[in-house]
Asks: 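This is the structure, below, for whatever I ask next.
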Amino acid sequence: KKQSPGSPLSPPTCIPAGPSAAGPVADYQSAGIEYSQIDADDEEGYAMLAKHLEQALAFVALARDDAKGKCVVHCHAGINRSGVLVAAIHMLHTKVSVVNRKGPRS
């Protein structure tokens with residue numbers, strides 16, 4: 001759903017992950033939404049963090065530095081690319097490691 005200017009969710013930032021996640025970039029721009037695309041493969045062994053974490057961190061930092069900044073991260077296929085980036089960014093920001101996490105265990 002397209003957000004109208006001045007709505008509570010605009011202007012968010014957006015980092016789609018994946019080769020076909022571009023979407024209507026002109027619509028994003030006309031709505032004042034900053035946009036960054038990360039072209040990532042979805043294949044076993046793909047070095048997602050080594051190849052794309054720096055770009056994602058820099059873009060998320062723009063939203064964090066803006067008092068009204070918001071950041072939306074999504075993956076076109078919804079498989080794992082955006083999730084691994086969000087988890088890594090959160091862990092770096094909160095200084096929590098995978099080993100030291102708290103919560104339910106499977």
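This one's a predicted model, so the numbers in the text were calculated from it and none came from an experiment. Residue numbers start at 1 and run along the sequence shown.
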Asks: For Y46 and E44, does a side-chain donor sit closer than 3.5 Å to a side-chain acceptor?
Replies: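 Looking only at side-chain atoms, E44 and Y46 do not form any donor-acceptor pair under 3.5 Å.
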Asks: Only counting residues at least two apart or in another chain, list the ones meeting side chain to side chain contact (heavy atoms under 4.5 Å, CB included) with E54.
Replies: none
Asks: Mind listing the closest non-hydrogen atom pair of L85 and L49 along with its distance?
Replies: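 Minimum heavy-atom contact is CD2-CD2, 4.1 Å.
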Asks: If I compare all heavy atoms of H74 with all of S82, which pair ends up nearest, and what's the gap?
Replies: C-CB, 3.8 Å
Asks: Which pair of heavy atoms, one from Q37 and one from Q55, lies closest together, and at what distance?
Replies: O-NE2, 3.2 Å
Asks: Kindly indicate whether the side chain of H90, heavy atoms from C-beta on, has any atom under 4.5 Å from the side chain of V60.
Replies: no
Asks: Restricting to non-hydrogen atoms, name the atom on S97 and the atom on M91 that form the minimum distance, rounded to 0.1 Å.
Replies: C-CE, 3.6 Å
Asks: Got L53 and L92 here, is their nearest side-chain heavy-atom distance under 4.5 Å?
Replies: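 Yes, their side chains come closer than 4.5 Å.
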Asks: Can you give me the closest heavy-atom contact between H52 and D39, atom names plus distance?
Replies: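 Where H52 meets D39 most closely, the heavy atoms are CE1-O, 3.2 Å.
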Asks: Are the side chain of D41 and the backbone of E43 linked by a donor-acceptor contact shorter than 3.5 Å?
Replies: no
Asks: Mind checking the CG-NE2 spacing from L57 to H93? Nearest 0.5 Å is all I need.
Replies: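 It is 11.0 Å, given to the nearest 0.5 Å.
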